[in-house]
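Since the structure comes first, as structure tokens, the remarks are kept for the end.
We number each residue from 1, following the sequence as shown. The figures that follow rest on heavy atoms only: side chains count, while hydrogens, waters and symmetry mates do not. No experiment lies behind these values; they were computed from the predicted model shown.
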Amino acid sequence: MEGLYHPLPWVGTEEESLAQFRRVLDVNLQGAWLGMRTVAPSLRRAGGGVIVNMSSLAGLTGYAGVGAYVASKWGLRGLTKTAALELAPHGVRVCSVHPGAIRTTMTAGFDERFVAGQALPRFGTPEEVARMVLFIVTEATFSTGSEFVLDGGVLAGAPVVLDPTADAS
């Protein structure tokens, strides 16, 4: 896995170097922009198509220790919406996918404690993300500029039910 791009280890805003910050933005934001910029003319000529940008739950909320990653994913969210507005007149839809904890090489070092506090206490799978992308491309034909979330219920809130009749002692 030497040379594999990985936005972690987590480092605070004050400790992160400008080079580290730029690298994350280059890969996650500029890379997606280059991809859209490259395929848009072909999709326009074809009379339409779909662009699906892979964002993250970090594009919908903040996480301490990964500021560049969060900034890049929020940026991708905005870029997706802008491209959706610009390309819609040409029949091109642009959406973003926002996965939470998916079992990949990026999460290989994380154990089940990482997902224990979410409503569905498990890691998602790459296959689940692929099925979401397939849904966006083939079924979500009235969606553009939209965000599709696969997060095990993280954004739904804490899965704690308090029984007001329970004895507090």
Side-chain angles (χ1 to χ4, degrees), residues 4-8 10 13 16 18-107 115 118-120 122-159:
L4 178 68
Y5 167 72
H6 198 291
L8 306 176
W10 297 29
T13 302
E16 187 165 35
L18 180 57
Q20 289 170 315
F21 189 85
R22 283 184 172 162
R23 173 150 170 81
V24 174
L25 289 180
D26 285 350
V27 171
N28 291 347
L29 186 55
Q30 184 175 308
W33 173 77
L34 287 169
M36 289 191 295
R37 188 172 183 267
T38 301
V39 302
S42 297
L43 293 175
R44 278 197 322 274
R45 281 192 302 275
V50 184
I51 296 170
V52 180
N53 287 319
M54 197 57 56
S55 186
S56 166
L57 204 54
L60 300 170
T61 189
Y63 288 99
V66 287
Y69 185 75
V70 170
S72 72
K73 296 304 184 172
W74 276 83
L76 182 55
R77 181 180 175 203
L79 186 61
T80 297
K81 291 180 178 301
T82 297
L85 293 170
E86 293 172 356
L87 296 172
H90 307 285
V92 179
R93 296 186 300 112
V94 186
C95 296
S96 57
V97 174
H98 298 261
I102 305 299
R103 183 51 81 197
T104 65
T105 56
M106 189 169 157
T107 59
V115 295
Q118 60 193 44
L120 300 175
R122 67 174 180 82
F123 285 88
T125 66
E127 292 79 14
E128 289 171 311
V129 176
R131 285 195 298 273
M132 177 62 83
V133 172
L134 180 63
F135 170 77
I136 295 166
V137 172
T138 61
E139 301 294 327
T141 57
F142 195 57
S143 295
T144 194
S146 303
E147 299 145 354
F148 292 82
V149 179
L150 300 93
D151 71 347
V154 170
L155 293 181

Contacts satisfying side-chain hydrogen bond (donor to acceptor under 3.5 Å, both in side chains) that involve residues 131-142 (not counting sequence neighbours) are none

Short side-chain to backbone donor-acceptor contact, [X] and [Y], under 3.5 Å:
X	Y	value
S55	K73	yes
H98	S56	yes
W33	N28	no

To the nearest 0.5 Å, how far apart are [atom1] in [X] and [atom2] in [Y]?
X	Y	atom1	atom2	result
T144	L85	OG1	CG	7.5 Å
Y69	L29	OH	CG	12.5 Å
E16	R23	CD	CZ	12.5 Å
F21	D26	CZ	CG	10.5 Å
T80	N53	OG1	CG	3.5 Å

In short, salt bridge (Lys or Arg N to Asp or Glu O under 4.0 Å) pairs touching residues 80-101 with sequence neighbours left out are K81-E147

What are the two closest non-hydrogen atoms of [X] and [Y], and how far apart are they?
X	Y	value
G62	V70	CA-CG1, 4.2 Å
F148	A140	CZ-CB, 4.0 Å
A68	L25	O-CD2, 4.1 Å
P99	M54	CG-SD, 3.9 Å
A84	V94	CB-O, 3.7 Å

Identify each donor-acceptor pair in which a side-chain atom of residues 34-41 lies under 3.5 Å from a protein atom, sequence neighbours left out, and give them as a table.
unit_1, atom_1, unit_2, atom_2, d
T38, OG1, L34, O, 2.7

Going by heavy atoms in the side chains, are [X] and [Y] under 4.5 Å from each other?
X	Y	answer
L155	L60	yes
S143	I136	no
I102	T107	no

My understanding is that only residues two or more places apart in sequence, or in another chain, count here; which of them pass side-chain hydrogen bond (donor to acceptor under 3.5 Å, both in side chains) with E128?
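In terms of side-chain hydrogen bond (donor to acceptor under 3.5 Å, both in side chains), with neighbours along the sequence ignored, E128 is linked to R122, T125.
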
Using atom types as modelled, flag every donor-acceptor pair under 3.5 Å from a side chain in residues 42-51 to any protein atom, sequence neighbours excluded.
unit_1, atom_1, unit_2, atom_2, d
S42, OG, R45, NH2, 3.3

For R103, the salt bridge (Lys or Arg N to Asp or Glu O under 4.0 Å) test, sequence neighbours excluded, returns E112

